[in-house]
Asker: 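Here it is, the structure in full.
What you are looking at is a predicted structure, and each value in this text was computed from that prediction instead of being measured. Both counts, for ligands and for their atoms, begin at 1 and track the order of listing.
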Amino acid sequence: MSGDFVLALHGGAFQSDRDYTRHTQTLETILKSGWQNLANGASALDAVTQAVIAMEQSGLFIAGKGAGPNSEGEYELDASIMDGHTKKAGAVAAVRGVKSPILAARAVMEKTPHVLLAGTGADRFITECGLERIEDPQSYFTPSHTESQVPEDKNHGTVGAVALDKNGHLAAATSTGGLVGKRAGRVGDSPIIGAATWADRDLAVSTTGYGEYFIRAAAAHDIRARCAYLGESLEAATAKVLDGIKSAGGWGGVIALNKNGEIALDYRCSGMHRGVVRSDGKIYAKSFPDA
Ligand code: ASP
């Protein structure tokens, strides 16, 4: 296995039967450049950061440029990142006017002793770091390209990435505009380490779906705990956690990857934009169930 690498992405779990050809094509393009990065020796941390930036900027998913407004017409974004090798993590919640929330989360991890920044302090930190800002949110964001027109409870499109690099290190990242039409100040699972994002030396997880259910299930960490303490396979642990979320009334999906390169891409809803590339260069990208 040594030297093998893997990148897996999700562009959100959804409940709809729209034509998602552009979404899968976009995932394929991002996987190709992710493969190049990892083949050139990029760290898992850099690979997930780059992939999430590309999905944020595509305007197709409910994250970054594609985010939808909250009930007051404002754009409040959440993101988190975790480096499995060092177990360092960073996150931002309900931030406004930053072009790349995942870069802001990474800056929290790398430039502060904290894990999660929110509110006006987070906004000031983002400015201090010199991260690119959005001057005119109303013209920058493109929610009409995403699923923001569908009812709130069916409206998902978070993006996420997990990677294993040539050195066997893992990382995970998640970024979202949250539920479109959400109450101002609402923070979902995406910036919560252990709910939507987890990475350590054994596995990396990113989730999407109805965030409140993923927070209450401590979903990402529970997958890790089931593997570590019950000895379940990654696939079985992921399925159990998603089944629990579904029976509680929620829905969504997970991408998970372990140090052996095993992957679980699973969801409890009509589909999830998802894709994988491995060192052999073969690309898999789909939105609906495998035939
Ligand atoms: N999990 C996100 C949230 O609840 C939404 C999503 O995944 O689409 O904010």
Asker: Going by distance only, is there an N or O of Gly209 that falls short of 3.5 Å from an N or O of ligand 1?
Answerer: yes
Asker: Please determine whether any non-hydrogen atom of Ser190 lies less than 4.0 Å from an atom of ligand 1.
Answerer: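 Judged by the 4.0 Å heavy-atom criterion, Ser190 does count as contacting ligand 1.
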Asker: Flag this pair as yes if the NZ/CZ of Arg18 is under 6.0 angstrom from the six-membered ring centre of Tyr20 and inside a 45 degree cone about the axis; otherwise no.
Answerer: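 No, Arg18 does not sit over the ring of Tyr20.
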Asker: Check contact between Arg186 and ligand 1, using heavy atoms of the residue and a distance below 4.0 angstrom.
Answerer: yes
Asker: Flag yes if more than 12 heavy atoms outside Lys286 fall under 6.0 Å of its NZ atom; otherwise flag no.
Answerer: yes
Asker: Given Thr207, Asp189, Ile192, Thr208, identify the one with the heavy atom nearest to atom 1 (N) of ligand 1.
Answerer: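 Checking each option, the heavy atom nearest atom 1 (N) of ligand 1 is found in Asp189.
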Asker: In ligand 1, which numbered atoms sit nearer than 4.0 Å to a non-hydrogen atom of Gly178?
Answerer: 9 (O)
Asker: N/O of Thr158 under 3.5 Å from N/O of ligand 1, yes or no?
Answerer: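 Yes - when backbone and side-chain N and O of Thr158 are compared with those of ligand 1, one distance drops under 3.5 Å.
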Asker: Decide, yes or no, whether a salt bridge links Asp266 with Arg274 under the criterion of side-chain N to carboxylate O below 4.0 Å.
Answerer: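 Here Asp266 does not pair with Arg274 in a salt bridge, since their nearest N and O are not under 4.0 Å apart.
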Asker: If you draw a 6.0 Å radius around CG in Asp280, do more than 12 non-hydrogen atoms from other residues or ligands fall strictly inside?
Answerer: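 Result for CG/Asp280: enclosed.
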Asker: Once the angle between the rings of Phe61 and His273 is folded into 0 to 90°, is it parallel (under 30°), tilted (30 to 60°) or perpendicular (over 60°)?
Answerer: perpendicular
